[in-house]
Amino acid sequence: MSAVIALEHTRMWPGAVAQALVAWQEAALVGTAERLLRRCACDECTGAAPRHRLQQALIALPPWARPHLYALVLPLDEYYVRRR
């Protein structure tokens, strides 16, 4: 947690990782198909931008902290891939 806080205060903004995780969860689990059917294909609605922020965080975190965030992101990624 301290590594994420440090990252948010140096390269992102406070709460950026949590916001991206929630947005990616909404896009992967419930939102993508409905939003695309309504013709909203922006990066925020499709989950591309939140997932990109999570990837940036995973790259920037120290090696000991990456698995903790990745453990939250991986199930969402897997679900998203299965839905497509």
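All residue numbers in this chain count up from 1 along the given sequence. Note that this is a predicted model, so its numbers are computed, not measured.
Looking at Leu58 and Gln55, their side chains come closer than 4.5 Å, going by heavy atoms from C-beta outward. You'll find the side chain of Leu21 stays beyond 4.5 Å of the side chain of Gln25, heavy atoms only. Side-chain contact between Trp24 and Asp77 is present, with heavy atoms from C-beta onward closer than 4.5 Å.
Here the closest non-hydrogen pair linking Ile59 and Arg66 is O-NH2, 3.4 Å. Across Ala71 and Pro75, no two heavy atoms sit closer than the pair O-CD, 3.2 Å. Of all heavy-atom pairs between Gly15 and Glu8, the closest is N-OE1, 3.1 Å. The two atoms that bring Ala57 and Leu69 nearest to each other are CB-CD2, 3.9 Å, heavy atoms only. Heavy atoms only, all atoms of each residue included: Met12 and Gln56 are closest at CE-CB, 4.0 Å.
Considering only residues two or more places apart in sequence or on other chains, Ala65 meets the side chain to side chain contact (heavy atoms under 4.5 Å, CB included) condition with Ala3, Leu61, Pro62. Considering only residues two or more places apart in sequence or on other chains, Gln19 meets the side chain to side chain contact (heavy atoms under 4.5 Å, CB included) condition with Trp13.
Cluster membership for Tyr70 and Leu29, using ILVMFWY side-chain heavy atoms within less than 4.5 angstrom, is shared. One hydrophobic cluster, built from ILVMFWY side chains closer than 4.5 Å, holds both Leu72 and Leu7.
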Does Arg51 form a side chain to side chain contact (heavy atoms under 4.5 Å, CB included) with Leu54? I'd like the steps, not just the answer. CA-CA 5 Å; Arg51 183 58 182 89; Leu54 290 169; 4.0 Å; yes

